[in-house]
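Please read the structure below before turning to the comments.
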Amino acid sequence: MGAASLAGWRRQLHLWIDHGAGDDAVARWIHHGLVLLICVNVVAIVLESIPDLAQRFGPAFQALEAASLAIFTLEYLARLWVAPEHARYRSLSPARARLAYAMSAPAIIDLLATLPLAFAFFGLGELKVLLLLRLLRFFKLGRYSPGMASLAAALSAERKALFACFVVLMGVMLMTASLMHLVEHEAQPEKFGTIPDAMWWSIITLTTVGYGDAFPITAPGKAVAAVTAVLGLVMLALPVGIVATAFAQEIHRREFVVTWSMIARVPLFGQLDAAEIAEVMQFLRARTVRNGVVVTHEGEPLQAFYFVASGEVEISLPDGQEKLDEGHFFGALTLDDVAITSHSSGVNAAVATAPTKLLVLDQIDFRALTARSPKLAAHIRALARA
């Protein structure tokens, strides 16, 4: 097998395991199968902790674990092999690309999920710590959920605010526990005789759990408890509001940054200011195409700009073929008598070579954009003529 053929297989495998949300049947089967296997593993780990089920279905649990370890190990090795195909690692050598990927959080989780196989190989398969490593497989689902990735980014962005909330919660807990100790320690020395004893009641009340194993019986104690309960609602609402707002902003920011970066790569649009690029973004339309679908036919005049949000498109040029992946663009637009093109030699045709998501700015929307903003139209016209 030649180097070119091997590189082609590596590219195809990358599209299957890292872009499986499209219409490619193989990619869809791979992703759905891995998600199902992860869920089955988590359920099996939970059920295996029941002695009766562990005794009755022990061989089945062991067979599932062995098969899962083999599949997860193959998945980890495959992802390591195709790492040079990732857009963020393409500027690195294959060895450095794989090393950079291996140090990423998803790759570390994948590696930890396969460690039980190594422990079993060395005869250490009965260690209790392996249970935690097996449960880490649940976090592999984060790879298949963009929402979980956005939530993690939101928590990271607001970590200082969330830490401040935690500090405030600890301060309120200490204050309310101290007050309850002062007013209740004589009436209930076994429950509120010390501040640490009262801290248990305080944190349970602030978190609105209220087990009922400790409660005040004096009038001052009930007054402190009432204030503590109200403060507990405030303390819970504060971090929830911070996380919800950050989560919504992160989703909007992620979509905005990806679209912005693609538009800014167009030489003409890249010279516009921030407000003008934001105007262009409002007129983009999303389009999803399957593998093999013709985006533009040969001989058909291009009347739109196509931005590749994900997937891959092969364009035909007079001097050969060129493949464009995520972040690239092609097409042509006309503003009055000025032509705006992505390739000086012209694009003859374009075909999706993988399930692809496109953002399209067609000629009609471009005219509507320039008609709504004459200042933007004048700027684009001047830049195109220059």
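Side-chain atoms of Glu184 and Thr218 form a donor-acceptor pair, as typed in the model, at a separation below 3.5 Å. Under the 3.5 Å distance criterion, with hydrogens and angles disregarded, no donor-acceptor pair is assigned to the side chains of Thr353 and Glu314.
Two different hydrophobic clusters hold Leu206 and Leu233 under the rule that ILVMFWY side chains link at heavy-atom gaps under 4.5 Å. In this structure, Val230 is not a member of the same hydrophobic cluster as Leu169, with clusters built from ILVMFWY side-chain heavy atoms closer than 4.5 Å. A continuous path of ILVMFWY side-chain contacts below 4.5 Å connects Val227 to Met173, so both sit in one hydrophobic cluster. Hydrophobic clustering places Val35 together with Trp16 (ILVMFWY residues linked when any side-chain heavy atoms are closer than 4.5 Å, directly or through intermediates).
The shortest side-chain heavy-atom distance between Phe305 and Phe329 falls under the 4.5 Å cut-off. Looking at Tyr211 and Val209, their side chains come closer than 4.5 Å, going by heavy atoms from C-beta outward. You'll find the side chain of Ser316 reaches within 4.5 Å of the side chain of Gln321, heavy atoms only. Glu48 places none of its side-chain heavy atoms less than 4.5 Å from the side chain of Phe57. Counting heavy atoms from C-beta on, the side chains of Phe72 and Asn41 come closer than 4.5 Å. Looking only at side-chain heavy atoms (C-beta outward), Val295 and Arg287 come within less than 4.5 Å of each other. Contact of the Leu92 side chain with the Pro84 side chain is not registered, since no non-hydrogen atoms from C-beta on lie closer than 4.5 Å. Put simply, the side chain of Glu75 does not reach to within 4.5 Å of the side chain of Ile17, judged on heavy atoms.
When atom types are taken as modelled, the side chain of Arg285 and the backbone of Val360 share no donor-acceptor pair closer than 3.5 angstrom. The closest donor-acceptor contact from the side chain of Ser104 to the backbone of Ala102 lies at 3.5 Å or more, if one exists at all. Between the side chain of His185 and the backbone N or O of Leu182 there is at least one donor-acceptor pair closer than 3.5 Å. Looking at Thr356, its side chain does come within 3.5 Å of a backbone N or O of Glu312 through a donor-acceptor pair. Between the side chain of Thr245 and the backbone N or O of Gly241 there is at least one donor-acceptor pair closer than 3.5 Å. The backbone N or O of Ser156 lies less than 3.5 Å from a partner atom in the side chain of Arg159, making a donor-acceptor pair. In terms of modelled atom types and a separation under 3.5 Å, the side chain of Thr176 and the main chain of Thr228 share no donor-acceptor contact.
Taken from OG1 in Thr207 to CE in Met235, the straight-line distance is 11.5 Å, to the nearest 0.5 Å. Interatomic distance, Ile45 CD1 to Ser49 OG, rounded to the nearest 0.5 Å: 10.0 Å. Here the straight-line distance linking atom CZ of Arg96 with atom CZ of Arg98 works out to 14.0 Å at 0.5 Å rounding. Going from atom NE2 of His328 over to atom CZ of Phe307 covers 13.0 Å, rounded to the nearest 0.5 Å. Here the straight-line distance linking atom CE of Met170 with atom CG of Leu174 works out to 7.5 Å at 0.5 Å rounding. The distance from atom OG1 of Thr114 to atom CG of Leu74, rounded to the nearest 0.5 Å, is 10.5 Å.
A cation-pi arrangement is absent between Lys222 and Phe215, since the terminal nitrogen or guanidinium carbon is not both under 6.0 Å from the aromatic centre and inside a 45° cone about the axis.
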Does Val351 form a side-chain contact (heavy atoms from CB on, under 4.5 Å) with Val293? I'd like the steps, not just the answer. CA-CA 6 Å; Val351 180; Val293 170; over 6 Å; no

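For CD of Glu190, the number of neighbouring non-hydrogen atoms (other residues, nucleotides, ligands) closer than 6.0 Å is greater than 12. Counting heavy-atom neighbours within 6.0 Å of Ile364 CD1, excluding the residue itself, gives a total of 12 or less.
Heavy-atom minimum distance, Pro239 versus Leu162: CB-CD2, 4.0 Å. Taking every heavy atom of both residues into account, Ser202 and Val172 meet most closely at OG-O, 4.5 Å.
Alongside Leu179, the hydrophobic cluster contains Met180, Val183, Phe192, Trp201, Val224 (criterion: ILVMFWY side chains under 4.5 Å).
With respect to the salt-bridge test (charged N to carboxylate O, under 4.0 angstrom), the residues Lys191 and Asp197 do not qualify.
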